[in-house]
Structures are given as structure tokens and as C-alpha cells.
Amino acid sequence: MNIVLLGPPGAGKGTQARVLCEKFGFLHVSTGDMLREAVKNGTKIGEEAKAYMQRGELVPDEIVTTIVTGRISRVKKGTPFLLDGFPRNEAQAGELDRALEKIKKNLDMVLYLKTSPQVSIERLSGRRVCVRCGANFHTKNMPPRKESICDYCGGELVHRADDREETVKKRLTVYENETKSLIDYYRKKGILQEVSGDLDVQRLFREIKNLFSKERVG
Ligand code: AP5
């Protein structure tokens with residue numbers, strides 16, 4: 001069972017992805033995480049991606065599809081994968097279809113976390129991430145035990161540069177203009193499932209788990 005998590009910035013894709021991978025054994029493929037890692041390591045891809053990410057724009061399709069298709073082609077037989085943040089437009093979705101066909105794998109479910117813009121904005125303005133291990137917190141919804149310190153590794157917690165108000169607005173516009181059409185794309189293919197991303201973390205996880213048991217996942 002291979003799935004895609006689809007939803008606007010701040011829908012909680014990364015948060016749910018981590019729990020789902022732990023509980024159901026998916027391999028987590030997050031384009032945002034992979035690109036941030038490339039930027040941090042100063043690789044050629046990171047250098048190319050950096051300015052787009054800082055502006056809240058999509059990184060060019062060729063760069064992102066190369067990373068993702070390379071990654072999924074190396075996934076061991078029998079290991080399910082979960083794509084988080086990919087695809088983000090129809091060109092990427094088409095590339096994904098072709099790559100999957102080549103390696104004889106299917107996309108079984110696209111889980112759409114339908115989230116209101118106010119919720120997205122509130123979550124991103126309060127998000128804090130660990131500079132060392134990448135763990136996610138929120139000043140109100142999921143506060144760390146000690147202010148600005150990661151519960152897991154003691155690293156410093158920071159506000160992501162692209163979570164500043166102006167960049168968040170830009171990211172939401174990009175989502176509306178480029179990514180939202182994928183809802184119909186996957187609905188037509190008959191694999192779209194919708195849940196409310198506005199729910200709190202535990203309730204949302206329960207909804208997804210119920211959906212998975214209906215679809216016999218896990
Ligand atoms: P990426 O990192 O993928 O950003 P995004 O899609 O905008 O998603 P976010 O990571 O902001 O939000 P999320 O839905 O994962 O929410 P989270 O769980 O963290 O991409 C960054 C950039 O990389 C893009 O702008 C683009 O430039 C580039 N990029 C990436 N993929 C690309 C692609 N395919 N093509 C081209 N460019 C690409 O939660 C947010 C906050 O809310 C956290 O603080 C969390 O603690 C809290 N929270 C989470 N869930 C809940 C809940 N249910 N209730 C209450 N609080 C919650």
C-alpha cells in the first residue's frame with residue numbers, strides 16, 4: 001500500500017506522516033525534508049533549490065521529480081512508502097505515474113487533509129523545529145517541555161524561515177494555484193480519501209486509522 005499525503009502548508013502532513021510511518025511501517029519520503037537537508041549540506045541541488053524555498057515558491061519540477069523517482073525506485077520490494085509534499089502539480093503527478101509504471105508499483109491512496117487557511121496560518125506561525133533532529137513543535141498545540149529546547153535531543157528550536165507571515169501567504173497562494181487541482185486529478189482516478197486536517201493531532205490520526213482499517217491497510 002503506497003500513499004500520498006496531500007494538503008496545504010500546515011495541514012499536518014509531516015506530523016501525521018511520522019506517526020503513520022511508525023505505526024504502519026511506511027518509508028517516509030518528504031520532499032521538503034530532502035530539500036532542506038540538501039540546502040543544509042550545501043549540495044548542488046540545495047544551492048539550486050534554496051532561493052525558491054526562501055520565496056515560498058515551488059522548486060523546479062525536474063529537480064524534485066529526479067529526487068523522488070530515484071528514491072522510490074530504490075525502495076525494497078514489500079516496503080510501502082508514503083509521499084509527503086509530492087506531487088504538487090499535475091506535471092509532477094504525471095511523472096510519478098510514469099515512474100511507478102516503470103517499476104511496477106501502484107499508488108493506492110491519496111489522503112487529502114482538508115484544512116482551512118486560518119488553521120494553516122495559525123499552525124505555521126507557532127511551529128518551531130529542532131535545528132539538530134528536525135522534530136516539530138508548536139508554541140500552543142504541542143509545546144516543548146522547556147521553551148526553545150527540543151524534548152528529544154536538546155537541540156535549539158527555531159521558527160522556519162519560510163514560516164514568516166509573507167512567505168506563508170505566498171505558499172498558500174502557490175497551493176491554491178498549483179496543487180489544489182490534484183484533488184480532482186486523484187478523485188477521477190478513484191483513489192482520493194478526504195479527512196479534516198483541522199482536527200487535533202490525535203483525532204486526525206484516529207480518523208486516518210479508521211479509514212485505513214476500512215481499506216484494509218496494515
Ligand atoms: P514542505 O516542507 O513540504 O512544506 P509544506 O507542504 O508547505 O508543508 P509544511 O511542512 O509547512 O506543513 P505540514 O503540512 O507538514 O505541517 P506540520 O505537520 O509540519 O516544503 C517546503 C518547501 O520546499 C516548499 O515551499 C517548496 O519550496 C519546496 N518543495 C517541497 N516539495 C516540493 C515539490 N514537490 N515541488 C516543488 N517544491 C517543493 O505541522 C505544522 C505545525 O502545526 C507544527 O507546529 C505542528 O506541531 C502543528 N500541528 C500539526 N498537526 C496538527 C494538528 N492536527 N493540530 C494542531 N497542531 C498541529
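Counting starts at 1 for both ligands and their atoms, following the listed order. This chain uses plain numbering: 1 for the first residue, then up along the sequence.
Protein heavy atom at the shortest distance from atom 39 (O) of ligand 1 is Thr15 OG1, 3.7 Å. What sits closest to atom 45 (C) of ligand 1 on the protein, heavy atoms only, is Met142 CE, 3.4 Å. Closest to atom 19 (O) of ligand 1, if we only count protein heavy atoms, is Arg127 NH1, 2.6 Å. Closest to atom 37 (N) of ligand 1 among all protein heavy atoms lies Val59 N, 3.0 Å. Of the protein's non-hydrogen atoms, Arg36 NH1, 2.8 Å is the one closest to atom 2 (O) of ligand 1.
Salt bridge absent: Lys44 and Glu47 never bring a charged side-chain N and a carboxylate O closer than 4.0 Å. Checked for salt-bridge contact, Arg171 and Asp163 meet the test: a charged N lies under 4.0 Å from a carboxylate O. Between Arg203 and Glu207 there is no salt bridge, since no side-chain nitrogen of the basic residue lies less than 4.0 Å from a carboxylate oxygen of the acidic one.
The residue from Leu35, Thr31, Leu199, Leu113 that puts a heavy atom closest to atom 29 (N) of ligand 1 is Leu35. Within the set Arg88, Glu178, Arg171, Met53, the minimum heavy-atom distance to atom 20 (O) of ligand 1 is found for Arg88. Between the choices Arg55, Lys13, Arg18, Arg123, the shortest heavy-atom distance to atom 54 (N) of ligand 1 belongs to Arg123. The residue among Phe137, Phe86, Tyr52 with a heavy atom at the shortest distance from atom 44 (O) of ligand 1 is Phe137. Here atom 26 (C) of ligand 1 lies nearest to Glu57 when heavy atoms of Glu57, Arg203, Gln202 are compared.
The part of Asn141 lying near ligand 1 is the side chain, judged by heavy-atom distances below 4.0 Å. Heavy atoms of Tyr175 found under 4.0 angstrom from ligand 1: none, in either backbone or side chain.
Under the 3.5 Å distance criterion, the side-chain polar atoms of His138 are matched with a main-chain donor or acceptor of Glu122. Between the side chain of Thr31 and the backbone N or O of Gly85, at least one donor-acceptor pair lies under 3.5 Å.
The atoms of ligand 1 that sit less than 4.0 Å from any heavy atom of Ala11 are 14 (O). When each atom of ligand 1 is checked for a heavy atom of Gly14 under 4.0 Å away, the hits are 13 (P), 15 (O), 18 (O).
When side chains are defined from C-beta on, Thr69 does not count as touching Arg98, because their heavy atoms never get closer than 4.5 Å. Residues Phe205 and Lys23 form a side-chain contact, since some pair of their non-hydrogen atoms from C-beta on lies under 4.5 Å apart.
Between the side chains of Glu90 and Ser181, at least one donor-acceptor pair of N or O atoms lies under 3.5 Å.
In this structure, Gly7 falls outside the shell of residues with a heavy atom less than 4.0 angstrom from ligand 1. For the pair Gln16 and ligand 1, no heavy-atom separation below 4.0 Å is found.
Cluster note: Val131 groups with Val129, Val158 through ILVMFWY side-chain heavy atoms spaced under 4.5 Å, whether in direct contact or through intervening members.
Below 3.5 Å of separation, one finds an N or O of Gly85 facing an N or O of ligand 1. Looking at Asp163 next to ligand 1, no N or O pair under 3.5 Å apart turns up.
Put simply, the residue from Asp61, Asn177, Thr179 that forms a side chain to side chain donor-acceptor pair (under 3.5 Å) with Asn89 is Asp61.
Atom-to-atom distance recorded for Gln193:CD and Arg187:CZ is 10.5 Å, nearest 0.5 angstrom.
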